[in-house]
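Below: one structure, written as structure tokens.
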Protein chains: 2
Amino acid sequence: MSKSERTKQTIVAAALELFREHGYEATTMRMVAKHAGVSVGNAYYYFKSKDVLLQAFYREVHDAEVAAAEPALASAHSFRERLRAVLHSKLEVIEPYHRFSALMFRSAADPKSPLNPFHPDGRDVRRGGEALFARVVDEARPRVARDLAAELPGLLWTYSMSLVLFWIHDDSPERERSRAFVDRTTDLIATAVRVASNPLMRPLRKKALDLVRDLTPN
Amino acid sequence: MSKSERTKQTIVAAALELFREHGYEATTMRMVAKHAGVSVGNAYYYFKSKDVLLQAFYREVHDAEVAAAEPALASAHSFRERLRAVLHSKLEVIEPYHRFSALMFRSAADPKSPLNPFHPDGRDVRRGGEALFARVVDEARPRVARDLAAELPGLLWTYSMSLVLFWIHDDSPERERSRAFVDRTTDLIATAVRVASNPLMRPLRKKALDLVRDLTPN
DNA sequence: GTCTATAACCGGATAGAC
DNA sequence: GTCTATCCGGTTATAGAC
């Protein structure tokens, strides 16, 4: 690992530690630089903005989500159970960040932020999210209809973003409202998917999927 | 009107004008103060932050939306046409602000921002939005089932927020993708509402409405 | 007590020397 | 690649005018 690599890592590590402890806003670039033992200018040499550092944080959380979902995915078989398990483990992983999660979401909604899932630089973040839901769908038994299975990961990812939005505003004890949101909406979704997977529903399913394809970019 | 009232108005007017011309970020508080012929400190005496000024801007846009929807509401009768008309006129009203609309949405997503629809101080903004959709529903002929009509305004308001999110990321010429989004999704919604309004669907409808009520606060 | 102005603070970001 | 000095803009402290 080159020296520049190492410096970069040091800065990221310092930033993530401070973000976790004080939150995003309360962490200043001067603090990050000092904690990493470099100058402010140097921190900016490696990271164009504070937002980019936040993006690294976001990536780390995503990796933790994927890891936390692993055991659940190994044992749950039905689509419904797999989906529920993934979302509940996601809620557990992000719980410590509830205080300052709004910031993350705020940037995520801004088209100019690299954190924004629609933004080119943030594409891999989105890809990662969809990949997780692809695993939920692809290995589910009984199987989901093939044409539906192709679009579902993207749709479920969008749905999971709504869950996050709901969760951000959820101040109930133990975040029980968010957990109820998961339980009840996954039930609904699983029923819809099961009904839609019936061969007799193919024409209607096709119409709905065409709509989705026409409205999503790329 | 007292002098302080007038000063306040002057500042808001200056801010709105500059926001419209240069966008939110490019407009500095120093510019606002200068344009209004007051000192920076004075601007802050009347408005706690730049965000509050943005909120005034948001309110103005909302009022324009309501006004623009008026003629359409007077002539359209079916639920589907009323909904479509309101949303298309909304798109027209907000079009000039597409460049910097992300900012507005960004604040709206932040639980601590008064602009946020879930925030106590922003409640009237949300109320206003729902009131508009209540008019879409209540005067629609044929009628929407009563129990459904009670929940629809809130649901439609949420749906309109999704439309805005979609629109923010829409860079298609003439914003045609957003307009297609409206046409196709309103079709879907109107069909769903029509089917659900059938007396035979009452039990299923009740189940769905219970879910909605359980998951929305207040 | 209501209002207004100036000067400063703070933190994100950049320029330019080394 | 790294640093120091500086800019810029949101925000605040404070002093004082009416």
Side-chain angles (χ1 to χ4, degrees), chain A residues 1-19 21-58 100 102-104 106-107 110 112-116 121, chain B residues 1-58 100 102-104 106-107 110 112-115 121:
Chain A
M1 180 160 53
S2 66
K3 185 178 169 200
S4 75
E5 267 310 304
R6 251 181 299 120
T7 309
K8 213 170 157 178
Q9 299 265 346
T10 314
I11 296 169
V12 158
L16 298 200
E17 195 181 322
L18 293 169
F19 286 169
E21 190 171 351
H22 310 288
Y24 180 72
E25 301 217 290
T27 302
T28 72
M29 286 302 275
R30 286 161 176 87
M31 282 164 72
V32 172
K34 191 165 197 174
H35 200 68
V38 301
S39 69
V40 183
N42 201 9
Y44 273 98
Y45 174 78
Y46 287 105
F47 300 93
K48 214 174 80 273
S49 73
K50 198 180 167 186
D51 252 38
V52 176
L53 252 8
L54 181 61
Q55 195 182 359
F57 180 69
Y58 186 77
F100 56 94
L103 270 297
M104 256 163 62
R106 206 191 58 169
S107 322
D110 183 344
K112 267 158 280 175
S113 159
L115 200 58
N116 163 20
D121 296 356
Chain B
M1 176 160 55
S2 66
K3 184 173 170 203
S4 74
E5 267 310 305
R6 254 181 296 121
T7 309
K8 216 171 153 174
Q9 301 263 345
T10 314
I11 296 169
V12 158
L16 298 198
E17 195 180 323
L18 293 170
F19 287 168
R20 241 190 306 275
E21 190 171 351
H22 309 289
Y24 180 72
E25 301 218 288
T27 303
T28 72
M29 287 301 275
R30 284 160 179 90
M31 281 164 72
V32 172
K34 191 164 198 175
H35 200 68
V38 301
S39 69
V40 183
N42 200 7
Y44 272 98
Y45 174 77
Y46 288 107
F47 300 93
K48 216 176 79 272
S49 72
K50 198 180 167 186
D51 251 40
V52 176
L53 251 9
L54 181 61
Q55 197 182 357
F57 180 69
Y58 187 76
F100 57 95
L103 270 298
M104 257 164 62
R106 207 191 56 168
S107 324
D110 184 343
K112 266 158 280 176
S113 160
L115 200 59
D121 295 355

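Since we're looking at a predicted model, the values are computed, not measured.
- A 4.0 Å heavy-atom criterion places the boundary nucleotides of DNA chain D facing chain B at D:dG9 to D:dT12, written 5' to 3'.
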Solution key, residues 9-18 of chain A side-chain donor-acceptor pairs under 3.5 Å, sequence neighbours excluded:
{"from": "A:T10", "atom 1": "OG1", "to": "A:R6", "atom 2": "O", "distance (Å)": "2.6"}

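- Residues of residues 2-13 of chain A that place a heavy atom closer than 4.0 Å to DNA chain D, in numerical order, are A:K3, A:S4, A:T7.
- In this structure, the side chain of B:K50 engages the main chain of B:T27 through a donor-acceptor pair within 3.5 Å.
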Pairs under 3.5 angstrom only: tabulate donor-acceptor contacts from the side chains of residues 29-45 of chain A to other protein residues two or more places apart or in another chain.
{"from": "A:S39", "atom 1": "OG", "to": "A:N42", "atom 2": "N", "distance (Å)": "3.1"}

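- Residues satisfying the side-chain hydrogen bond (donor to acceptor under 3.5 Å, both in side chains) criterion with B:S4, sequence neighbours excluded, are B:S2.
- Of the candidates B:Y46, B:Y58, B:F19, B:L53 forms a side chain to side chain contact (heavy atoms under 4.5 Å, CB included) with just one, namely B:F19.
- For the pair B:R30 CZ and C:dC9 C1', the computed distance is 11 Å after rounding to whole Å.
- Taken residue by residue, residues 33-46 of chain B places heavy atoms nearer than 4.0 Å to DNA chain C at B:V38, B:S39, B:G41, B:N42, B:Y45, B:Y46.
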